[in-house]
Visitor: 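Have a look at the structure that comes next, please.
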Amino acid sequence: MGFTLPRKYGGLNCPNLVYTMATEIVSRADCSLMNIFGLQGIAETINAFANDEIKNEYLPKFAEGEVTGAMVLTEPDAGSDLQAVALRAWQDTDGHWRLTGVKRFITNGCGEVLLVLARSEPEIKDGRGLSLYLAERCERVKVRHLEHKLGIHGSPTCELVFDDCPAKLIGERQRGLITYVMALMNGARVGIAAQSLGVAEAAYRVARLYAHTRKQFGVSIERLPAVAELVADMKIAIEAARALVYETAKVCDFENNNLRVMEFKPPTDPDEMKRRRADSRTYKRLNGMLTPMSKYYASEMSIRVANDAIQVLGGSGYMQDYPVERYLRDARITTIYEGTSQLQIVAAVRGVCSGAFDSFASECEAAEYSDADLAALKQKVVEAKRQVLDAIQFIKQRGNEYMDLHGRKLVDAALVVIIGHLLLRQAAACERKKAVARRFIETGLPTLRRDLEVVRSGDTSAIQEFDLIAGPPTVNG
Ligand SMILES: Cc1cc2nc3c(=O)[nH]c(=O)nc-3n(C[C@H](O)[C@H](O)[C@H](O)COP(=O)(O)OP(=O)(O)OC[C@H]3O[C@@H](n4cnc5c(N)ncnc54)[C@H](O)[C@@H]3O)c2cc1C
């Protein structure tokens, strides 16, 4: 614990990239356990935004593993839309803050330190009326209910009732959602992406071994083309997602490091300060795109890989004799919490359309490959970027609703380009990765072309003809 906390609080001061790798490893062992490990993000948020008194009181306890945290945001009427949070924060006659209301679906809600998003300004109905509070576990917070869920059974999901519970304000009033929770969630999203990698890797290892040892028709099933393709594509999917997630964690480190230098050791040379400020804007914009992309891509990948692992094991995969059915149930949560895939796409597509994609891909294009195969593959990825940019122009002319409708396809296409470049970079340093990069790009490009064709088609039938296609709502009974 205390992986990324400063040493003065007993932390390890590790870069986010190393923490991300550790998160993947913990998740490979146990997806539920990772939630406790990942909730170190609570300590990071305290470190980033709370006053020294709060930091000195709580951070050493986090680093020691003496306390664990919970991120207390969701309410019955405020899920994806956190601007609707209604839990009330009010000041008693002594000026002390109190919290009153209900939160649901809270991972580790029975933990000792709760970061609670609450409405401190009742007259302001949107996100600007929300502040962030620290509440300790006490008799004024009740776990009213523990959820019964599909997976992650080792991770308690709680409904919490706050009964005028004492609390401390974190940072400034009204910045709860807009500044603090957004920062907390961005870090947590990279954490869930790493969790997704870990579950997928665990499922892959079982499937890989089974494909090698299981014999049918007189051969190991890994020698049957259909199984070989399944296994190979599982491996490529994991390595593609890992390349993206680690790149994202690296850019987070660049951003954080740059901010720390400007805050604690500001350069005296005005030109350097100017450069650092410009870097800061670039990293922020890039992270605004890469973080939701990573969460979306890795979580969707982990469900696919865990599902395919069951297929590789056949009937045995469906039974509880092997852990793969559990991996699928565990993986299933990753596209839902910390913002659903749909919400990640809403965030990622804004980045794709606002120039972050173009500049990141252009930067990758500067790489020169002496290997002729890699150079040829790079040209294909360069051409693919051009097609994505054309589709972006088309989508922009059609407005926001069209962008929301086709966002997933546009983001998927952009991901083929970005990950294609990242895998080519790896292939230049590792012979085996050439095969990975080649297959990823050669199989990814036809999918990209298909997606972009739909994007450019102007089709809006899912919205325009929704009632006709979906029919009236009916109760299955
Ligand atoms: C096991 C588990 C643990 C959790 N842990 C925590 C926790 O520790 N702390 C916490 O605060 N919360 C936690 N959550 C809550 C979780 O973050 C929410 O469930 C999630 O954000 C979705 O909110 P919702 O369930 O209300 O779904 P809704 O917001 O009602 O969404 C329903 C559907 O509508 C889609 N949708 C909604 N808005 C949009 C939009 N603008 N564009 C496109 N599609 C949209 C969604 O993608 C989804 O498909 C947890 C949930 C679970 C299941």
Side-chain angles (χ1 to χ4, degrees), residues 27 31-42 45 68-87 99 101-118 126-127 130 132-133 135 137 141 143 145-160 162 176-177 180-182 184-189 191-192 195-196 199 292 295-296 299-300 303 326 329-350 400-411 462-463 466 470:
S27 313
C31 189
S32 297
L33 178 65
M34 176 277 170
N35 281 337
I36 305 284
F37 188 75
L39 280 165
Q40 295 184 52
I42 297 296
T45 306
T68 59
M71 186 192 298
V72 188
L73 316 175
T74 303
E75 297 176 7
D77 292 323
S80 300
D81 179 13
L82 286 174
Q83 303 217 37
V85 157
L87 186 133
L99 303 177
V102 176
K103 293 282 184 181
R104 73 165 181 177
F105 297 168
I106 306 304
T107 300
N108 199 40
C110 45
E112 292 81 7
V113 179
L114 313 174
L115 278 194
V116 188
L117 186 64
D126 62 16
L130 301 173
L132 189 64
Y133 295 88
R137 186 171 69 186
V141 191
V143 177
H145 172 69
L146 274 179
E147 302 294 342
H148 300 283
K149 19 186 227 298
L150 179 70
I152 51 166
H153 289 160
S155 168
T157 312
C158 309
E159 183 173 287
L160 298 178
F162 290 80
L177 178 64
Y180 310 145
V181 167
M182 287 328 276
L184 172 63
M185 294 221 317
N186 278 337
R189 284 171 179 172
I192 303 303
Q195 182 179 42
S196 308
V199 192
K295 159 65 163 82
Y296 159 63
S299 59
E300 297 284 343
I303 294 173
R326 174 165 67 83
R329 287 185 291 104
D330 286 351
R332 194 62 195 81
I333 186 58
T334 59
T335 62
I336 297 173
Y337 59 13
E338 292 311 336
T340 61
S341 284
Q342 288 73 21
L343 268 287
Q344 305 308 313
I345 285 166
V346 168
V349 85
R350 305 278 178 261
N400 283 346
E401 193 181 55
Y402 193 79
M403 195 184 278
D404 285 343
L405 180 62
H406 291 290
R408 182 187 282 254
K409 292 180 264 316
L410 191 65
V411 170
I463 313 171
F466 177 78

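Every number for a ligand or one of its atoms is a count from 1 in the order of the listing. Being a predicted model, the structure only gives us computed values, none of them experimental.
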Visitor: Would you confirm whether D330, through its side chain, and I152, through its main-chain N or O, come within 3.5 Å as a donor-acceptor pair?
Guide: yes
Visitor: Tell me whether T340 has any N or O atom under 3.5 angstrom from an N or O of ligand 1.
Guide: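 Min N/O separation from ligand 1 is below 3.5 Å for T340.
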Visitor: Show me which atoms of ligand 1 lie under 4.0 Å from any heavy atom of Q342.
Guide: 43 (C), 44 (N), 47 (O), 49 (O)
Visitor: For the residue pair Y402 and H406, does the interplanar ring angle fall in the parallel (under 30°), tilted (30 to 60°) or perpendicular (over 60°) class?
Guide: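 Aromatic pair Y402/H406 classed tilted.
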Visitor: Does T74, backbone or side chain, put an N or O under 3.5 Å from an N or O of ligand 1?
Guide: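 Among all N and O atoms of T74, at least one is under 3.5 Å from an N or O of ligand 1.
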Visitor: Specify the protein heavy atom at minimum distance from atom 3 (C) of ligand 1: its residue, its atom name, and the distance to 0.1 Å.
Guide: T107 OG1, 3.3 Å
Visitor: Less than 4.0 Å between atom 53 (C) of ligand 1 and some protein heavy atom, yes or no?
Guide: yes
Visitor: Do the side chains of E112 and R137 get close enough for a salt bridge, i.e. N-O under 4.0 angstrom?
Guide: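 Looking at R137 together with E112, the answer is yes, because their closest N to O distance falls below 4.0 Å.
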Visitor: I'd like to check atom 40 (C) of ligand 1 in this structure: does the protein have a heavy atom lying under 4.0 Å from it?
Guide: yes
Visitor: May I ask you to check whether N108 and T68 show a side-chain donor-acceptor distance below 3.5 Å?
Guide: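 On atom types as modelled, these side chains qualify, holding a pair under 3.5 Å.
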Visitor: Considering the heavy atoms of M71, write down every atom of ligand 1 situated less than 4.0 Å from one of them.
Guide: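 What qualifies from ligand 1 is 7 (C), 8 (O), 9 (N), 10 (C), 11 (O).
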Visitor: Under a 4.0 Å heavy-atom limit, does L343 contact ligand 1 with its side chain, its backbone, both, or neither?
Guide: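 Side chain only; the backbone of L343 stays clear of ligand 1.
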Visitor: Applying a heavy-atom cut-off of 4.0 Å, say which part of I333 lies close to ligand 1: side chain, backbone, both or neither.
Guide: side chain
Visitor: Hey, is atom 33 (C) of ligand 1 touched by any protein heavy atom at less than 4.0 Å?
Guide: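 Answer no: nothing from the protein, no heavy atom, is under 4.0 Å.
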Visitor: With backbone taken as N, CA, C and O and side chain as the heavy atoms from C-beta onward, which portion of E147 lies under 4.0 Å from ligand 1: side chain, backbone, both, or neither?
Guide: neither
Visitor: Within the structure, does at least one protein heavy atom fall under 4.0 Å of atom 5 (N) of ligand 1?
Guide: yes
